[in-house]
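Heads up, the thing below is written out as C-alpha cells.
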Amino acid sequence: QVQLVESGGGSVQAGGSLRLSCAASGYTYSSAYRAWFRQAPGKEREGVAAIQTSDGSAWYADSVKGRFTISHDNGKNTLYLQMNSLKPEDAAMYYCAAAGELRVGDPLWGFRSGVWGQGTQVTVSS
C-alpha cells in the first residue's frame, strides 16, 4: 500500500517561491511515474508536472514551464516541486500522485486510478 504525504504549501506574494515535498511510503516500485496536480476552487484538477523516477524525464504543463521544476530523490523516495515566480493564478490545492504509466494526453495524465496524497494549499497574493 503506497501512501503519499505532501508538505511545503503556504502563502506567498506574487513573484515568490515555494518548494513542495511529497514523501512516499509503502511498496512504490510499481509506480514508475510521479506527478503534481492542482485544483483551484471551481476548476478542474489539472496536471502541473510529471517525472519518470527511473531516469528523471520530466513533463510540464505549458502554464508552468520555465518557472516550476519537478524532481525526485530516489534515496528518500520523495517528490519535489520547486515553484518560482509564482503568480496569483498558481494558487490552488496541490496534490502529488503516483502511477505506473503516464498519458499526458488524458485529463489526469493517466493518474486517475493511481495513488494520491491529501493535498497542500498554495496561496499567492498579488
Side-chain angles (χ1 to χ4, degrees):
Q1 184 78 8
V2 178
Q3 289 186 319
L4 304 174
V5 179
E6 302 98 332
S7 61
S11 182
V12 296
Q13 289 190 328
S17 298
L18 279 174
R19 188 193 195 204
L20 306 183
S21 299
C22 173
S25 60
Y27 184 75
T28 62
Y29 297 102
S30 61
S31 301
Y33 296 90
R34 308 289 168 83
W36 289 98
F37 294 81
R38 67 187 181 187
Q39 188 168 18
K43 294 189 176 182
E44 298 285 330
R45 189 170 299 190
E46 62 177 359
V48 174
I51 190 168
Q52 184 172 5
T53 58
S54 60
D55 64 7
S57 298
W59 294 261
Y60 295 93
D62 288 342
S63 58
V64 306
K65 281 180 182 177
R67 300 188 298 121
F68 291 11
T69 302
I70 189 171
S71 61
H72 186 264
D73 186 324
N74 289 340
K76 295 181 179 179
N77 210 357
T78 299
L79 180 71
Y80 301 98
L81 185 68
Q82 178 67 44
M83 304 186 295
N84 298 328
S85 302
L86 281 161
K87 304 176 181 180
E89 52 263 42
D90 294 318
M93 184 71 80
Y94 282 71
Y95 301 89
C96 67
E101 61 178 348
L102 174 67
R103 299 194 300 269
V104 177
D106 286 356
L108 289 180
W109 291 1
F111 282 73
R112 186 178 300 278
S113 58
V115 178
W116 292 78
Q118 82 289 349
T120 186
Q121 183 69 45
V122 172
T123 303
V124 185
S125 58
S126 58

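If you look at Phe37 and Trp109, their ring centroids are closer than 6.0 Å.
Evaluation of the ring pair (Phe, Tyr, Trp, His ring centres under 6.0 Å) rule for Trp59 yields no partner, not counting sequence neighbours. Checked against side chain to side chain donor-acceptor pair (under 3.5 Å), Lys43 has no partners two or more places apart in sequence or in another chain. Residues satisfying the salt bridge (Lys or Arg N to Asp or Glu O under 4.0 Å) criterion with Asp55, sequence neighbours excluded, are absent altogether.
Atom CD of Gln121 has more than 12 heavy atoms from other residues, nucleotides or ligands within 6.0 Å.
Here the side chain of Arg67 pairs a donor or acceptor atom with the backbone of Ser85 at under 3.5 angstrom. Within the 3.5 Å criterion, the main-chain N or O of Cys22 finds no donor-acceptor partner in the side chain of Glu6. Checked by atom type and distance alone, the side chain of Trp116 pairs as donor or acceptor with a backbone atom of Phe111 at under 3.5 Å. Of the possible donor and acceptor atoms, none in the side chain of Ser63 sits under 3.5 Å from a partner among the backbone N and O of Ala61. At least one donor-acceptor pair under 3.5 Å links the side chain of Asp73 to the backbone N or O of Gly75. Side-chain atoms of Tyr60 do not come within 3.5 Å of backbone N or O of Ala50 as any donor-acceptor pair.
Taken together through direct or relayed side-chain contacts under 4.5 Å among Ile, Leu, Val, Met, Phe, Trp and Tyr, Val124 and Leu18 form part of one hydrophobic cluster.
Closest approach of Val122 and Asp90 over heavy atoms only: CG1-O, 4.4 Å.
In this structure, Arg38 fails the cation-pi test against Tyr95, since its NZ or CZ atom is not both closer than 6.0 Å to the six-membered ring centre and inside 45 degrees of the ring normal.
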